[in-house]
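Take a look at the structure set out below.
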Amino acid sequence: METIRTTEIGQHVGQRVRLRGWVHNLRLLGGVSFVVLRDGWGTAQGVTQDETALAPLTDAGLGMETVIELAGQVVAEPQAPGGVELHDLSIEVLTPVADPPPIPINKRQIKASLPTLLDHAVMANRHPARRAVFRLAAGTMAGFRATLGARGFTEIQTPKIVASATESGSNVFEIDYFGRPAYLAQSPQFYKQIMVGVFERVFEVGPVFRAEPHDTTRHVNEYVSLDVEFGFIEDHFTVMTTARDVIAGIIATLEDSYAAELDLLNARLPAVPAAIPHIHFADAQDLILQRHGVDVRGEPDLSPQDERWLAAWAQEEHGSDFLFVTGYPMSKRPFYTHPDPTRPGYSNSFDLLFRGVELITGGQRLHLYANYLDALARADYPVEPFETYLEAFRFGMPPHGGFAIGLERLLMQLLELPNLRLATLFPRDLNRVAP
RNA sequence: GGGCCCGUGGUGUAGUCGGCUAACAUACUGGCCUGUCAAGCCAGAGAUCGCGGGUUCGAGCCCCGUCGGGCCCGCCA
């Protein structure tokens, strides 16, 4: 007898097969009984009019989430969900479960507050709708890798334990590294730039750690960063073109291979324009004054409200869920940011807004050693902690740039979730380090 | 770090100008039920209303404190 997945059952009509999984639901109607089995991919239904077939469950007082092997004859039956079901059942209990789960996971929707859901994420993540979110996370990473791989990018893994709190200093987690201080990497930025000197084009999928005490629906303290960096660019617009293609590649991957999950979650996939509209930071501020009468000119950054306004404008003016904002002021960007050679004070950097939330930050980096020395001096940083980083520039780096996508941000916006934590398997935030 | 708000059975809620034996849904237990698919119907068990103190004849409800949590802003992906 062949052991199959629930999602394959339609291909086995007429055969006797075995499924393995969890008791997702049990409906005893008197003369007829249904057992819904959930495996790692989906659910399938077994039917019996012989109550002794369910005896291994019912006699032992077992309930939901009991792990079983369910064998039966695959029958096409219009009344069955999906049109196919198992008859002539035999059940073997692999792992008995008698206690009810802390939150029901066999209802269409989970009825639990966010804290309860996160407290029981171990169980909540078994729910088909929750699980679909994380299957889409896998699809996003797969699409990211496929798109970049096809363009000659090499995947790298850079260290997450680093020696110096380099980029901005305050927002890193310090750890005890055999008696010396070390830090959890807040970004693979320096290493991915260094690796441009090795592979020319690199990308990384990995965790980053931010010790910021922010407490919002769109921040956590550990998240997955989809990082890209590559050489021989013209300027940040070259980087933006690649960023656009990567987003389009991810969306296409989801559309092609994750239809069931998208459907289950009622996802509204965005159209990715051939060229995503872009607006300069200074023009964006003018636009906000013009459209909303709020003068944010002189502010060094856009507020969340500003970003929502700009997103609304991009939607009206260009019919786009995406908008690049370019040329952020140098003062708000890290020291390695390449300045705009034609516009002092502004940078060759960009953010990508997706449905009103920052999804990507990127830009052109400095590539000349001398410029790095100047930039560090201007930022009042000592050179010593940066010496390994600077070695790359002393010995020749091409004009280069890159960007980073927040994986959970992408999912949150894609699925229109009200909280980033709902796109995170086991979120780490200001007051949660478990489960 | 600043501001606003919320803690009631396992879970989600109602009850909050003080007067209940704390209500409803779901989950759970038992019974009925031959096509369920958020199964249905009947019955049952399950909460000293986050914790501590105070006001009062009387506190889930008012006051103070404390703990836990949520949202917005700052900051960022």
Side-chain angles (χ1 to χ4, degrees), chain A residues 24-36 43-51 61 63-65 75 77-83 85 87 98-120 123-124 127-129 167-168 170-171 186-189 206-227 243 299-308 328 332-334 351-354 357-362 403-413 418-421 423-424 429-432:
Chain A
H24 191 63
N25 212 341
L26 216 43
R27 299 193 190 95
L28 311 178
L29 276 62
V32 62
S33 299
F34 299 89
V35 53
V36 179
T43 59
Q45 167 174 291
V47 194
T48 182
Q49 297 184 19
D50 171 15
E51 65 240 25
M64 299 308 118
E65 300 305 304
V75 174
E77 169 56 64
Q79 295 175 97
E85 65 188 7
H87 288 188
D99 294 332
I103 52 177
I105 59 170
N106 56 9
K107 296 297 175 188
R108 190 190 296 272
Q109 286 185 318
I110 295 183
K111 284 194 95 175
S113 64
L114 184 62
T116 306
L117 189 146
L118 296 180
D119 285 345
H120 297 288
M123 289 308 297
H127 188 279
E167 244 190 275
S168 48
S170 66
N171 54 355
Q186 55 159 269
S187 148
Q189 181 63 33
V208 295
F209 306 90
R210 303 284 167 94
E212 302 284 351
H214 37 215
D215 190 7
T216 79
T217 51
R218 59 188 192 287
H219 290 97
V220 287
N221 297 292
E222 175 181 353
Y223 67 92
V224 176
S225 184
L226 308 176
D227 268 272
E299 293 290 330
D301 204 352
L302 299 171
S303 71
Q305 175 62 262
D306 297 341
E307 292 173 348
R308 286 190 289 269
Y328 281 79
K332 284 305 282 188
R333 292 277 156 158
D351 274 8
L352 178 66
L353 307 183
F354 175 31
V357 168
E358 276 178 48
L359 175 66
I360 292 183
T361 292
F403 60 93
I405 306 171
L407 172 66
E408 297 86 349
R409 282 263 177 108
L410 175 56
L411 291 165
M412 172 173 82
Q413 291 304 94
N419 195 309
L420 186 74
R421 289 159 184 79
T424 309
D429 66 25
L430 204 49
N431 24 40
R432 183 181 295 279

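Per chain, numbering begins at 1; letters A, B, ... match sequence-line order. Small disclaimer: the values here were computed from a predicted structure and weren't measured.
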List every contact pair, protein side and nucleotides 13-16 of chain B side both N or O, where the distance is under 3.5 Å.
none

Protein-nucleotides 66-68 of chain B N/O pairs closer than 3.5 Å?
none

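- Applying the ring pair (Phe, Tyr, Trp, His ring centres under 6.0 Å) criterion to A/His214, with sequence neighbours excluded, gives A/His219.
- Nucleotides B/G10 and B/A47 are separated by 11 Å at their C1' atoms, to the nearest Å.
- B/G65 is paired with B/C51 under the Watson-Crick or G-U wobble criterion, all donor-acceptor distances under 3.5 Å.
- To the nearest 0.5 Å, atom CD of residue A/Glu51 and atom CG of residue A/Leu28 are 10.0 Å apart.
- Atom CD1 of A/Ile105 is separated from atom C1' of B/A38 by 14 Å (rounded to the nearest Å).
- Taking only side-chain nitrogens and oxygens, A/Thr217 never comes nearer than 4.0 Å to OP1 or OP2 of B/G70.
- At B/G12, one or more side-chain N or O atoms of A/Thr116 fall inside 4.0 Å of OP1 or OP2 (strictly under the cut-off).
- Checking B/G74, B/A38, B/G70 against every side-chain atom of A/Arg108, the shortest atom distance belongs to B/A38.
- Atom CE of A/Met412 is separated from atom P of B/C76 by 16 Å (rounded to the nearest Å).
- Residue A/Glu51 contributes atom CD, which lies 14 Å from atom C1' of B/C32 at whole-angstrom precision.
- In the set B/G69, B/C75, B/C37, B/C75 carries the atom at the smallest distance from any side-chain atom of A/Glu212.
- Here the P atom of nucleotide B/G1 and the NE2 atom of A/His214 are 13 Å apart, to the nearest Å.
- Here the options are A/Val36, A/Val35, A/Thr43, the test is side-chain contact (heavy atoms from CB on, under 4.5 Å), and the partner is A/Asn25; only A/Val36 passes.
- Rounded to the nearest Å, the gap between the C1' atom of B/G60 and that of B/A23 is 12 Å.
- A cation-pi arrangement, defined by a distance under 6.0 Å to the six-membered ring centre and an angle within 45 degrees of its axis, is present between A/Arg333 and A/Tyr328.
- For the residue pair A/Asp50 / A/Thr48, no side-chain donor-acceptor distance below 3.5 Å is found, with atom types taken as modelled.
- Counting only N and O atoms by type, the side chains of A/Ser303 and A/Asp306 include a donor and acceptor under 3.5 Å apart.
- Summarising the geometry, atom CG belonging to A/Leu420 is positioned 9.0 Å from atom CG belonging to A/Leu411; distances are rounded to the nearest 0.5 Å.
- Residue A/Leu114 has its side chain nearest to B/G70 when only B/C76, B/G12, B/G70 are considered.
- Using a 4.0 Å heavy-atom cutoff across all strands shown, A/Asp215 reaches at least one base atom of the nucleic acid.
- Between B/A77 and A/Arg409, no contact under 4.0 Å exists linking OP1 or OP2 to a side-chain N or O.
- Straight-line distance from the CG atom of A/Leu226 to the P atom of B/A77: 13 Å, rounded to whole Å.
- Taking the side chain of A/Arg218 as heavy atoms from C-beta on, and the options B/C75, B/G35, B/C72, the nearest nucleotide is B/C75.
- No donor-acceptor contact under 3.5 Å links the side chain of A/Gln109 to the base of B/G12.
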Where do N or O atoms of nucleotides 41-45 of chain B meet protein N or O atoms at under 3.5 Å, pair by pair?
none

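- Nucleotide B/A23 has B/U13 as its partner under the Watson-Crick or G-U criteria, with both atom distances under 3.5 Å.
- Pairing for B/G18 is absent, with no Watson-Crick or G-U wobble pair whose two atom distances lie under 3.5 Å.
- Residue A/Arg210 contributes atom CZ, which lies 19 Å from atom C1' of B/G1 at whole-angstrom precision.
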For nucleotides 3-5 of chain B, list the nitrogen or oxygen atoms of the protein found under 3.5 Å from its nitrogen or oxygen atoms, one pair per line.
none

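- Between the NE2 atom of A/His24 and the P atom of B/U36 there is a distance of 18 Å, given to the nearest Å.
- Within 4.0 Å of A/Arg308, counting heavy atoms only, lie sugar-phosphate atoms of the nucleic acid but no base atom.
- Side-chain proximity of A/Arg27 to the nucleotides B/G12, B/C37, B/U34 is greatest for B/C37.
- Mapping A/Lys332 and A/Phe34 onto RNA chain B via the closest heavy atom, the residue that lands nearer the 5' end is A/Phe34.
- Annotation for A/Ala124 and A/Ile103: closest pair CB-CD1, 3.8 Å, computed over non-hydrogen atoms.
- B/G44 is paired with B/C28 under the Watson-Crick or G-U wobble criterion, all donor-acceptor distances under 3.5 Å.
- The base of B/U36 sits within donor-acceptor range of the side chain of A/Gln45, with an N or O pair under 3.5 Å.
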- Task: Dump the intermediate steps for side-chain contact (heavy atoms from CB on, under 4.5 Å) on A/Leu114 and A/Asn419, then the final yes or no.
- Result: CA-CA 9 Å; A/Leu114 184 62; A/Asn419 195 309; 3.3 Å; yes
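- Residues A/Ile360 and A/Ala243 approach most closely at CD1-CB, 4.3 Å, considering heavy atoms.
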For nucleotides 24-30 of chain B, give me every protein contact, N/O to N/O, under 3.5 Å, one pair per line with atom names.
residue: B/A27; atom: OP1; partner: A/Lys107; partner atom: NZ; Å: 2.7

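- Nearest heavy-atom pair across A/Ser187 and A/Val208 is CA-CG1, 3.9 Å.
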- Item | Check against side-chain contact (heavy atoms from CB on, under 4.5 Å), A/Leu410 and A/Phe354 | CA-CA 8 Å; A/Leu410 175 56; A/Phe354 175 31; 4.0 Å; yes
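- Regarding A/Gln49, its CD atom lies at a distance of 6 Å from the C1' atom of B/U34, rounded to whole Å.
- Residue whose closest nucleotide on RNA chain B sits further toward the 5' end, between A/Tyr223 and A/Val36: A/Val36.
- Between the side chains of A/Arg210 and A/Tyr223, at least one donor N or O lies within less than 3.5 Å of an accepting N or O.
- With B/G35, B/U36, B/A77 as the choices, the nucleotide that has an atom nearest any side-chain atom of A/Glu85 turns out to be B/G35.
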